[in-house]
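Chain A is the first sequence line, chain B the second, and so forth, proteins listed ahead of strands; every chain is numbered from 1.
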There are 2 protein chains.
Amino acid sequence: MFSKTCEYAIRAMIYIAQQTRNGSRVGIRQIAAGIDSPEHFIAKILQELSRKGLVESMKGPTGGFYLEEASLNRSLADIVKIVDGDQLFLGCGLGLKQCSETNPCPIHFKFKKVRKEIQTMLENAKLGEFIEKLDRNETFLRRG
Amino acid sequence: MFSKTCEYAIRAMIYIAQQTRNGSRVGIRQIAAGIDSPEHFIAKILQELSRKGLVESMKGPTGGFYLEEASLNRSLADIVKIVDGDQLFLGCGLGLKQCSETNPCPIHFKFKKVRKEIQTMLENAKLGEFIEKLDRNETFLRRG
DNA sequence: ACAATAGAAGATATTTTTATCTTTTATTAA
DNA sequence: TTAATAAAAGATAAAAATATCTTCTATTGT
């Protein structure tokens with residue numbers, strides 16, 4: 001469904017959301033360990049999300065990544081769009097460039113329906129909503 | 001959502017279903033042209049689908065690919081499972097190997113729901129059902 | 001100022017996916 | 001039974017995704 005890059009991105013963003021209340025910051029090494037991802041790879045991904053303003057960062061000692069309060073209200077759809085683009089939300093299920101409402105592929109309308117549900121689900125899933133259950137160890141971002 | 005390979009596979013199977021009523025056969029070259037895919041690549045894919053019994057083939061002059069009557073009742077889910085595996089139906093949305101009902105990732109239950117709908121949609125989509133609209137040019141498998 | 005820390009950036013490497021090319025085998029029609 | 005046809009099979013190539021390595025820059029605490 002998502003690229004590996006996107007899976008890491010979502011996990012990292014949720015992790016950062018959880019780890020950085022009270023304005024504290026969390027380092028790349030800790031993030032990579034916290035979500036079981038390659039350190040340099042997730043660093044790259046966060047650089048991009050940082051440029052796009054989804055996450056803040058600061059260099060130097062005591063530096064690291066953190067979220068602005070408002071970013072807790074960002075949705076998983078925002079992350080997916082930046083990392084994987086809007087193919088998942090808009091693209092043809094059979095990969096046809098010219099597929100459209102008026103020139104549909106055979107599964108166009110069936111697909112439209114489930115795709116819309118995926119989109120709605122991802123748009124309604126806000127970063128802030130995952131924190132509590134993680135804190136209570138009811139959900140996990142790496143091998144539990 | 002699907003790999004390129006799987007997109008081609010689905011398009012090819014629907015195309016073969018459409019082109020081969022009355023026991024006629026359709027060649028690789030025509031299939032590739034009919035669905036806009038690389039000839040050698042779709043050949044490989046059909047070899048696998050043939051080994052798995054989703055499609056029949058015959059070598060030599062007047063040879064080609066065709067479907068047994070019963071195969072018209074095969075679903076897109078059958079194709080997806082063979083080509084892409086069951087990752088789409090069973091895998092964790094965030095790529096976590098250990099994710100499960102008792103050890104869920106943060107989006108496990110939201111995902112389960114939409115994934116199930118995708119599966120149901122694909123299981124209910126039978127190869128035979130696409131033929132009529134293709135015949136009437138109401139849907140397309142390549143640039144219309 | 002200086003040494004240490006940590007992210008940014010760019011280059012490189014590996015793996016997987018996608019695509020192509022060549023040779024072999026089965027089938028047909030003459 | 002031979003020449004032509006078309007799929008099967010295996011090898012190779014190109015492109016994209018994933019992962020790693022090295023150097024540079026900003027920030028901090030002393």
| When you measure from the side chain of A:Thr20 to the backbone N and O of A:Gly23, does any donor-acceptor pair fall under 3.5 Å? | no
| said: Which is more 5' along DNA chain C, the nucleotide nearest B:Arg25 or the one nearest B:His40? Just name the residue. | reply: B:His40
| Separation of B:Arg29 atom CZ from D:dA6 atom P, in whole Å? | 7 Å
| Distance, rounded to the nearest Å, where B:Ile42 contributes CD1 and D:dA6 contributes P | 18 Å
| task | With DNA chain D as reference, determine whether B:Thr62 or A:Gly63 sits nearer its 5' end, using the nearest nucleotide of each. | result | B:Thr62
| query | At what angle, to 10 degrees, do the two end axes of the helix from C:dA1-D:dT30 to C:dA30-D:dT1 meet, given five pairs define each axis? | reply | 10°
| So which pairs with a foot in residues 76-100 of chain B pass salt bridge (charged side-chain N to carboxylate O under 4.0 Å, His left out), sequence neighbours left out? | B:Arg74-B:Asp78
| Between C:dT5, C:dA19, C:dT28, which nucleotide has the shortest distance from any of its atoms to the side chain of B:Pro61? | C:dT28
| message | Below 4.0 angstrom, which residues in residues 44-56 of chain B have at least one non-hydrogen atom near DNA chain D? | response | B:Lys44, B:Gln47, B:Ser50, B:Arg51
| query | Between A:Phe65 (CZ) and C:dT5 (P), how many Å, whole number? | reply | 18 Å
| When you measure from the side chain of A:Arg25 to the backbone N and O of A:Tyr66, does any donor-acceptor pair fall under 3.5 Å? | no
| message | Side-chain N or O of B:Ser57 versus OP1/OP2 of D:dA8: is the shortest distance under 4.0 Å? | response | yes
| request: Look at the side chain of B:Glu129 and the backbone N and O of B:Lys126, then say whether any donor-acceptor pair between them is shorter than 3.5 Å. | output: yes
| Is A:Thr5 near enough to D:dT18 that one of its side-chain N or O atoms lies under 4.0 angstrom from OP1 or OP2? | yes
| Whole-Å distance separating the CE atom of B:Met58 from the C1' atom of C:dT28 | 11 Å
| Salt-bridge criterion met for A:Arg136 and A:Glu132 (N-O under 4.0 Å) | yes
| said: So, OP1 or OP2 of C:dT18: does either fall under 4.0 Å of a side-chain N or O from B:Tyr8? | reply: no
| field | Distance-only donor-acceptor test, B:Lys59 side-chain atoms vs C:dT25 base atoms, 3.5 Å | value | yes
| task | Flag the pair B:Phe2 / A:Phe111 as yes when their ring centroid distance falls below 6.0 Å, and as no otherwise. | result | yes
